[in-house]
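Proteins come first, then strands; the chains are lettered A, B, ... in the order of their sequence lines, and each starts at number 1. Basis for what follows: all heavy atoms, side chains included, without hydrogens, waters or symmetry-related copies.
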Amino acid sequence: MELLINTVLLGLLGITAIAILMTRHLFVATMLSGGYSLTSAALLVSLDAVDVAFTEAAVGAGVSTVLMLGTLTLTRRREKVQKEFRWSPLLVVTVTGALLIYGTVDMPAFGDPNAPALLHIVPEYIAGTRDDIQIPNIVTAILASYRGYDTLGETAVIFTAGVGVLLLLGRRREEDEEAGTRRPERDA
Amino acid sequence: MLELFLAKYNYWIVILLMMIGLYVVVARGNLVKKIIGLNVFQTSVFVMYISLGKVAGGTAPVLTGKNELFSNPLPHVLILTAIVVGVATTALGLAIVVRVREAYGTIEDDEIEEIERQDMAGDLEGRRR
């Protein structure tokens, strides 16, 4: 049953991704990408990653979609259709995909309880969470304690991105006020 | 044969999704569409990591005192960080798109290139005079 849900949700993700590729309307693409995030959150629940699913549903499906809708109101809704079809992107993508699929040959089977990644440090984290940290959620214990520096680095990245967005979008208003008018837009 | 297919099915579909995302980033000229493609790529990577941590018959890594077979919690932690960083890059990318639209009046990369070429030709013309 679990396997069936997994298979169906992955298929849904595939259909959504192809729809995103095909549509020329950016609003439709944005909504589909929100749906893609939400479907992947459902898939993450079936793969036992409840914390990740929570974050993906809130941040991936929620915040990203809002940001994109905001951008669409400031720019255009429609994508230009390119006239000639170029082969080079398709070639690059096919070769990369083939190499990645070749790479999966050596990977442990899906759901393998003896996968190397499971045997190295994870048992120590689980035992440590039970005996030393004593909170029920192992993911929280690793995130905030064993891998606390990762989270500190993540905060630094978000701060940098926030400063970047403010500099990009905030500076132009000062310039406009100094010049008295907005810069004339150049139309192609 | 079916066993092999089921053992690798998750990885193969995820690779397919990643390549669709990569194709959108490389082949589409619209800057917003490129960022949507980047999001598709990112989410596929998340699913790849979580699939690697799944244990058949395991449960979510929360201590209950009864069931002691958990899926690997380490990829969950890494992906929690990656999701938030992904949104940070999306926000920064979209801010750049808005800025490009203000400077050039378009978000199609071939039109931007055309304007740049005209600008360069205009500069050369001005220098010659």
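In this structure the side chain of B:T81 reaches within 4.5 angstrom of the side chain of A:L143, judged on heavy atoms. Contact check for A:V92 versus B:V26: no side-chain heavy atoms found under the 4.5 Å cut-off. Looking at B:F46 and A:V52, their side chains never come closer than 4.5 Å, going by heavy atoms from C-beta outward. Under the 4.5 Å side-chain criterion, counting only non-hydrogen atoms from C-beta, A:L13 is not in contact with B:I13. A heavy-atom distance below 4.5 Å is found between the side chains of B:T90 and A:M68. No side-chain heavy atom of B:N30 sits less than 4.5 Å from a side-chain heavy atom of A:R24. Taking the side chain as every heavy atom from C-beta outward, B:N39 and A:Y36 never approach each other to under 4.5 Å. Side-chain contact check for B:M18 versus A:L100: some heavy-atom pair is nearer than 4.5 Å.
Of all heavy-atom pairs spanning B:L17 and A:G14, the tightest one is CD2-CA, 3.5 Å. Heavy atoms only, all atoms of each residue included: A:A161 and B:L92 are closest at O-CD1, 3.8 Å. Taking both residues in full, the closest heavy atoms of A:F85 and B:Y23 are given as CE1-OH, 3.5 Å, listed atom of the first, atom of the second, then distance. The two residues B:I15 and A:G97 have their closest heavy-atom pair at CG2-O, 3.9 Å. Residue A:A117 comes nearest to B:N72 through the heavy atom pair O-ND2, 3.4 Å, listed as atom of the first residue, atom of the second, then distance. Closest approach of A:D48 and B:V55 over heavy atoms only: OD2-O, 4.4 Å.
Counting heavy-atom pairs closer than 4.5 Å to chain A, the top-ranked of the candidates B:I20, B:V40, B:L22, B:V24 is B:V40. For the set A:L3, A:T94, A:V50, A:I20, the entry with the most heavy-atom pairs within less than 4.5 Å of chain B is A:I20. With chain A as the partner, the residue from B:I35, B:I96, B:I79 showing the most heavy-atom pairs under 4.5 Å is B:I96. In terms of heavy-atom pairs under 4.5 Å with chain B, the best-connected choice from A:T96, A:D150, A:V63 is A:T96. Ranked by heavy-atom pairs under 4.5 Å with chain A, the list B:H76, B:Q42, B:E114 is led by B:H76. Most heavy-atom pairs under 4.5 Å with chain B, from the set A:P108, A:A141, A:A115: that is A:P108. Residue with the most contacts toward chain B among A:V157, A:I158, A:L26, A:L72: A:L26 (heavy-atom pairs, distance under 4.5 Å). No other option in B:V87, B:V14, B:V85, B:L16 has as many heavy-atom pairs under 4.5 Å with chain A as B:V87. Contact count against chain A (heavy-atom pairs under 4.5 Å) is highest for B:V32 among B:L52, B:V32, B:L31. Your options are A:A17, A:S33, A:A49, A:A109, and the one with the most heavy-atom pairs under 4.5 Å with chain B is A:A49. With chain A as the partner, the residue from B:A88, B:S51, B:G93, B:P75 showing the most heavy-atom pairs under 4.5 Å is B:S51. Most heavy-atom pairs under 4.5 Å with chain B, from the set A:N137, A:T104, A:V59: that is A:T104.
Atom-to-atom distance recorded for B:I83:CD1 and A:E56:CD is 4.5 Å, nearest 0.5 angstrom. With rounding to the nearest 0.5 Å, the separation of CG in B:L80 from OG1 in A:T55 is 4.5 Å. Here the CG-CG distance, from B:N10 to A:N6, works out to 4.5 Å after rounding to the nearest 0.5 Å.
Follow the hydrophobic side-chain contacts under 4.5 Å out from A:L21 and you reach A:V28 in the same cluster. Cluster membership for A:L9 and A:L44, using ILVMFWY side-chain heavy atoms within less than 4.5 angstrom, is shared. Hydrophobic clustering (side-chain heavy atoms under 4.5 Å, transitive across Ile, Leu, Val, Met, Phe, Trp, Tyr) groups B:Y49 together with B:F41. Note on A:V95 and B:W12: separate hydrophobic clusters, where clusters join Ile, Leu, Val, Met, Phe, Trp and Tyr whose side-chain heavy atoms are under 4.5 Å apart, directly or indirectly. B:V100 and B:V25 sit in two unconnected hydrophobic clusters of ILVMFWY residues. Membership requires side-chain heavy atoms under 4.5 Å apart, directly or through other members.
At least one donor-acceptor pair closer than 3.5 Å links the side chain of B:K8 to the backbone N or O of A:M107. Checked by atom type and distance alone, the side chain of B:K33 pairs as donor or acceptor with a backbone atom of A:T23 at under 3.5 Å.
Looking at A:T129, the atoms closer than 4.5 Å to chain B (heavy atoms on both sides) sit in the backbone and in the side chain alike. In this structure, no portion of A:T16 lies under 4.5 Å from any heavy atom of chain B. For A:V45, no part lies near chain B; criterion is any non-hydrogen pair under 4.5 Å. Neither the backbone nor the side chain of A:T65 comes within less than 4.5 Å of any heavy atom of chain B. The contact between A:I135 and chain B is made entirely by backbone atoms, counting heavy-atom distances below 4.5 Å. Neither the backbone nor the side chain of A:T140 comes within less than 4.5 Å of any heavy atom in chain B. Neither the backbone nor the side chain of B:T89 has a heavy atom closer than 4.5 Å to any heavy atom of chain A. Within the 4.5 angstrom heavy-atom criterion, no atom of A:Y146 approaches chain B. For chain B, the nearby parts of A:V165 are the backbone and the side chain; heavy atoms of each come within less than 4.5 Å. Using a 4.5 Å cut-off between heavy atoms, B:L94 touches chain A through backbone and side chain atoms alike.
Surrounding OH of A:Y125 are more than 12 heavy atoms belonging to other residues, nucleotides or ligands, all under 6.0 Å away. Other residues, nucleotides and ligands contribute at most 12 non-hydrogen atoms within 6.0 Å of the CZ atom of A:F54. By the neighbour-count criterion of 12 heavy atoms within 6.0 Å, atom OH of A:Y149 is sparsely surrounded, having that number or fewer from other residues, nucleotides or ligands.
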CA sep, side-chain torsions, deciding dist, call: B:L78, A:R147, side chain to side chain contact (heavy atoms under 4.5 Å, CB included): CA-CA 9 Å; B:L78 300 179; A:R147 298 251 169 175; 4.2 Å; yes

